[in-house]
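One structure, pasted below without further comment.
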Amino acid sequence: MKNYLQNIFRNASEKLVYLKDAELLFDKPKSESHGDLSCNVAMMLAKKLKRKPGEIAEEIIANLEFDEAVINKIEIAGPGFINFFFTSLFIAKVIENILTQKEKYGRTDKYKGKRANVEFVSANPTGPLTVGHGRNAVIGDTVANMLESIGYEVDREYYFNNAGRQMRLLGDSVRLRYLELLGEKIDFPEDYYQGEYIKEIASELVKEFGNSLKNEEPEGKFKEKAEQVIFEDIKNSLKLLGIEFDTFYNENTLFEEGKIEALLKVFKEKNLSYKKDGAVWLKFTELGGEQDKVIVKATGEPTYRLPDIAYHKTKFDRKYDLMVDVFGSDHAATYPDVLAGLKALGYDTEKIKVLIYQFVTILENGEVVKMSTRKANYVTLDELVDEVGSDVVRYFFNMRNLTSHMNFDLTLAKKQSDENPVFYLQYAHARICSIIRTVSEENIKASTDHLDLLVKEEEQQLLKKLNQYEEEIQYAAEYFEPHRICNYLEELAAAFHKFYTFCRILGSEKNLAEARLALAEATKVVIKNGLSILGVTAPGRM
RNA sequence: GCGCCAGUAGCUCAACGGGAUAGAGCAACGGCCUUCUAAGCCGUAGGUUAGAGGUUCGAGUCCUCUCUGGCGUACCA
């Protein structure tokens with residue numbers, strides 16, 4: 001519909017010069033009585049042209065050449081809106097398109113040939129994934145799906161660090177539990193990893209090595225085993241949500257391949273770093289930052305900034321056109337430094353899109369659960385998926401704007417999972433499948449020969465929703481907003497349920513029944529396509 | 001103190017680079033199954049969009065200030 005209007009406006013701009021560089025926006029009005037699409041260009045131009053909006057609108061309409069089989073009516077309303085009403089047949093034609101393209105419907109090749117890297121989860125292997133990581137995982141994977149649907153070739157990447165203080169603590173935590181299992185008296189420090197899984201790892205080591213590790217270093221077998229077991233566990237948790245990564249990037253390779261050293265050298269050559277108090281500082285003040293910051297500590301160890309910059313540099317070197325980072329709001333303060341560093345190296349940081357999502361507040365029995373991996377104070381992602389299933393988890397984390405601080409009431413989620421809107425969508429899909437099964441026995445086949453019969457209110461409402469799908473998907477993908485897909489699908493399902501209630505197939509005249517069945521099948525395709533981007537299944541029965 | 005994100009119906013949240021009468025779901029109340037799945041549909045009720053100013057034809061949306069909450073503000077990641 002929008003494309004059609006774009007075209008006729010373009011033709012009109014041959015005669016009306018002021019339309020040439022005017023911004024053309026077609027909005028779907030909230031109220032039905034304002035038409036299918038509405039344009040505010042006359043009001044936008046009023047000031048510039050020093051004329052009344054109504055007058056301009058009239059002139060525009062007079063110069064629009066349109067097909068009466070497509071547009072029913074054009075009118076001026078309110079302060080100067082131009083409202084367009086489309087014919088019911090034109091609106092119904094979308095069915096042909098959907099049924100021809102099937103699972104490809106809604107996908108575009110707009111970004112064909114472009115490569116994207118989506119980095120997400122990136123939790124260090126110090127413990128199981130928690131519900132908090134769930135939001136990150138689901139957002140990242142869904143964004144990746146969305147980008148694929150608009151033509152990107154996407155790599156899903158997990159960045160991790162198996163060195164550093166936290167991992168040392170982890171190794172030593174396992175060591176102490178190991179000694180404990182061998183009957184030694186130990187003093188287990190408060191700031192060590194308290195989780196039960198530490199004991200399990202220790203007990204596996206006892207089984208495997210007996211007491212031969214008594215004098216082993218914390219960072220030897222203990223850390224190694226812990227990392228291996230925990231990573232297994234993390235990958236498994238992600239798999240339960242249908243998430244698989246193409247690449248696990250170990251921070252350590254940056255050191256092994258000399259990328260850290262090389263980067264330090266470049267900063268020095270560019271005179272962007274200096275030594276002070278035994279540490280190396282980067283001149284962030286010269287790069288638009290608030291203050292200079294340490295990139296190598298006096299101990300010789302780099303701070304996270306240096307490897308982060310080096311890591312993102314590899315993404316540029318790996319020739320990605322788009323790099324997406326999914327971070328929780330606790331990391332919000334770090335990425336400007338990374339971007340500034342990259343910019344100083346001459347990279348186009350516009351290609352990096354950092355998605356910051358706000359924290360999930362977990363409530364259990366009405367109380368806030370504070371998550372800490374170290375203190376073993378958490379609800380694991382596995383437990384959650386076990387309780388409510390992958391579909392609910394994925395839908396729940398997708399359904400809200402990234403910027404919203406979500407509340408997740410576990411008690412409610414477990415108890416009232418039936419009331420999750422995901423079931424509303426899945427139910428619509430299952431219903432359609434059921435119709436198709438039943439109706440095929442009556443020898444009714446979907447046909448697009450008489451789409452002109454689909455003129456009832458509920459049919460038209462549903463058709464209009466279907467017409468919006470392509471645009472919604474593209475918009476959601478380009479603006480990295482998964483929740484828009486949820487909103488759209490809920491509206492679509494609502495339109496379908498109404499159609500279902502008021503427009504029967506069985507018992508209708510043959511041509512009408514066939515057209516309605518085609519509409520139902522088209523709806524099924526779109527619901528399924530939408531859910532598949534969200535990573536949610538579309539069951540045939542419920 | 002400073003920075004980022006937020007504050008919308010009893011609860012959880014929408015509202016597309018400012019648009020017409022701020023919408024859903026849940027919860028509450030009242031209806032609808034002898035025909036394709038009642039995990040559904042129809043109806044009622046629920047609001048000074050935290051508050052105060054400002055910008056303009058027009059503000060939940062943009063600007064300023066205040067209040068409340070989350071997250072930061074490291075030679076931790």
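A quick note: this is a predicted structure, and the numbers were derived from the prediction, not measured. Note on naming: letters A, B, ... go to the chains in the order of the sequence lines (proteins, then strands), and numbering restarts at 1 for each one.
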- Message: Nearest to the side chain of A/Asp330, heavy atoms from C-beta on, is which of B/G72, B/C75, B/G19?
- Response: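 The answer is B/G72, which lies nearest to the side chain.
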
- Message: Within the 4.0 Å heavy-atom criterion, would you say A/Asn83 contacts the bases, only the backbone, or no part of the nucleic acid?
- Response: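 Answer is base: heavy atoms of A/Asn83 come under 4.0 Å of a base.
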
- Classify the nucleic acid contact of A/Asn40 as base, sugar-phosphate or nothing, counting any heavy atom under 4.0 Å across all strands shown.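 Base contact.
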
- Is NZ or CZ of A/Arg484 both nearer than 6.0 Å to the six-membered ring centre of A/Tyr479 and within 45° of the ring axis?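 Checked: cation-pi criterion not met.
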
- Message: Given B/C41, B/C71, B/C36, identify the nucleotide with an atom nearest to the side chain of A/Ser329.
- Response: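 Output: B/C71.
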
- Message: Determine whether the aromatic ring centres of residues A/Phe327 and A/Phe120 are separated by less than 6.0 angstrom.
- Response: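 No.
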
- Task: Scan A/Met44 against the nucleic acid and name what it touches under 4.0 Å (heavy atoms): base, sugar-phosphate only, or nothing.
- Result: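 Base, at least one base heavy atom under 4.0 Å.
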
- Between A/Phe84 and A/Tyr4, is the gap from one ring center to the other below 6.0 Å?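 No.
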
- Message: Measuring from the side chain of A/Phe359 (C-beta onward, heavy atoms only), which nucleotide among B/G70, B/U37, B/A15 has the closest atom?
- Response: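 It is B/G70.
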
- Query: When you check the gap from the basic side-chain N to the acidic O, do A/Asp337 and A/Arg305 get nearer than 4.0 Å?
  - Reply: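 Between A/Arg305 and A/Asp337 there is a salt bridge, with a charged N closer than 4.0 Å to a carboxylate O.
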
- Polar side-chain contact A/Asp27-B/G19 base: donor and acceptor under 3.5 Å: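 It does not, because no donor-acceptor pair links the side chain of A/Asp27 to the base of B/G19 below 3.5 Å.
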
- Please measure how far the P atom in B/C26 lies from the corresponding atom in B/U21, and state the result in whole Å.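 Their P atoms lie roughly 28 Å apart.
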
- Message: Say we look at B/U55 and B/U64: how far apart would their C1' atoms be, to the nearest angstrom?
- Response: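 11 Å, rounded to whole Å.
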
- Query: Would you call A/Glu457 and A/Lys498 a salt bridge, using N to O less than 4.0 angstrom?
  - Reply: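 Between A/Lys498 and A/Glu457 there is no salt bridge, as every charged N stays at least 4.0 Å from the carboxylate O atoms.
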
- Message: With syn defined as a glycosidic angle within 90° of 0 and anti as the rest, where does B/C33 land?
- Response: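 Because its glycosidic torsion lies within 90° of 0, B/C33 adopts the syn conformation.
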
- Query: Is A/Ser38 side chain donor-acceptor paired with the B/A20 base, going by distance under 3.5 Å alone?
  - Reply: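 Side chain to base: pair found, below 3.5 Å.
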
- Message: Test: side chain to side chain donor-acceptor pair (under 3.5 Å). Region: residues 122-133 of chain A. Which pairs qualify, not counting sequence neighbours?
- Response: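 Qualifying pairs: A/Glu119-A/Ser122, A/Thr130-A/His133.
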
- Message: Stacking between B/A20 and A/Phe81, yes or no? Criterion: centroid separation under 5.5 angstrom, plane angle under 30 degrees.
- Response: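 So A/Phe81 counts as stacking on the base.
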
- Message: If the threshold is 4.0 Å, N to carboxylate O, is there a salt bridge linking A/Glu190 and A/Arg374?
- Response: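 Salt bridge flag = no for A/Arg374 with A/Glu190.
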
- Query: Which one, B/C75, B/A14, B/G17, comes nearest to the side chain of A/Leu25?
  - Reply: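 Nucleotide nearest to A/Leu25's side chain: B/G17.
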
- Message: If you only use heavy atoms from C-beta on, which nucleotide in B/U37, B/C16, B/A15 is closest to the side chain of A/Tyr475?
- Response: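 The answer is B/C16.
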
- Message: Among B/C75, B/G19, B/C36, which nucleotide has an atom closest to any side-chain atom of A/Asp277?
- Response: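 Of B/C75, B/G19, B/C36, B/C75 is nearest to the side chain of A/Asp277.
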
- Message: Once you apply a heavy-atom cut-off of 4.0 Å, does A/Gly54 come out as touching a base, just sugar-phosphate, or nothing?
- Response: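 Answer is nothing: A/Gly54 stays at 4.0 Å or more from every strand.
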
Close N/O contacts between protein and nucleotides 1-10 of chain B (under 3.5 Å):
| from | atom 1 | to | atom 2 | distance (Å) |
| --- | --- | --- | --- | --- |
| B/C5 | O2' | A/Gln358 | NE2 | 3.2 |
| B/C5 | O2' | A/Thr403 | O | 3.1 |
| B/C5 | O2 | A/His405 | NE2 | 3.3 |

- So, A/His34 and B/A20: ring centres less than 5.5 Å apart, planes less than 30° off, yes or no?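 Whether judged by distance or by angle, A/His34 passes, so it stacks on the base of B/A20.
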
